[in-house]
Amino acid sequence: MNPEPILDAFVLDILSPEKPAPPFRDELARVKMFVGIQVAFLALSVFTGGFNFKLWSMLDSALLIQSIGVTALVLVLDEDKLRRLAFRVAVVLYLLGLLDMGINVLISGVVGWQTP
């Protein structure tokens, strides 16, 4: 009596051969360092807004907060491609926040005091 052939589960695509790779240690260290830099500039953004709390002066803080939130996605996403995309989006938001901080400093001065 001939036994029936056992079909390989990977051939049938029942089980996927590749599991999503978790973030590596160097990637986690890079994310932690980037979040630290973002938090430092977020604390600094209070002084670049001119202390008048208009929409333009709060835009840099909003962009930096969004950048920190998108960076946090890097830690929970499973796929490498999505983690890289989230990190790149976070870098773009961060750079936009820094650009806005620079514009605020140019408009209102370094300390933010406006002369009457």
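We use all heavy atoms of the structure for the numbers below, so side chains are in, but hydrogens, waters and symmetry mates are not.
Of the possible polar contacts, one joining the Arg83 side chain to the Asp78 backbone as a donor-acceptor pair under 3.5 Å is found.
Atom OG in Ser61 sits 11.0 Å away from atom CD in Gln66 (nearest 0.5 Å). With rounding to the nearest 0.5 angstrom, the CG atom of Leu63 is 11.5 Å from the CD1 atom of Ile68. Asp100 contributes atom CG, which lies 9.0 Å from atom CG of Leu64 (distance to the nearest 0.5 angstrom). Interatomic distance, Ile65 CD1 to Leu93 CG, rounded to the nearest 0.5 Å: 12.0 Å. Annotation: the span from Met101 atom CE to Leu59 atom CG amounts to 12.0 Å, rounded to 0.5 Å.
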Anything under 3.5 Å between a donor and an acceptor, one on a side chain of residues 28-39, the other on a protein residue two or more places apart or in another chain? List them.
residue	atom	partner	partner atom	Å
Gln38	NE2	Ser67	OG	2.4
Gln38	NE2	Thr71	OG1	3.3

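For residues 84-96, no pair satisfies side-chain hydrogen bond (donor to acceptor under 3.5 Å, both in side chains), with sequence neighbours left out.
Remark: of the listed residues Val89, Leu85, Val91, Val91 is the sole one forming a side-chain contact (heavy atoms from CB on, under 4.5 Å) with Phe87.
Every side-chain contact (heavy atoms from CB on, under 4.5 Å) that Leu73 has, sequence neighbours left out, goes to Val76, Leu77, Ala86.
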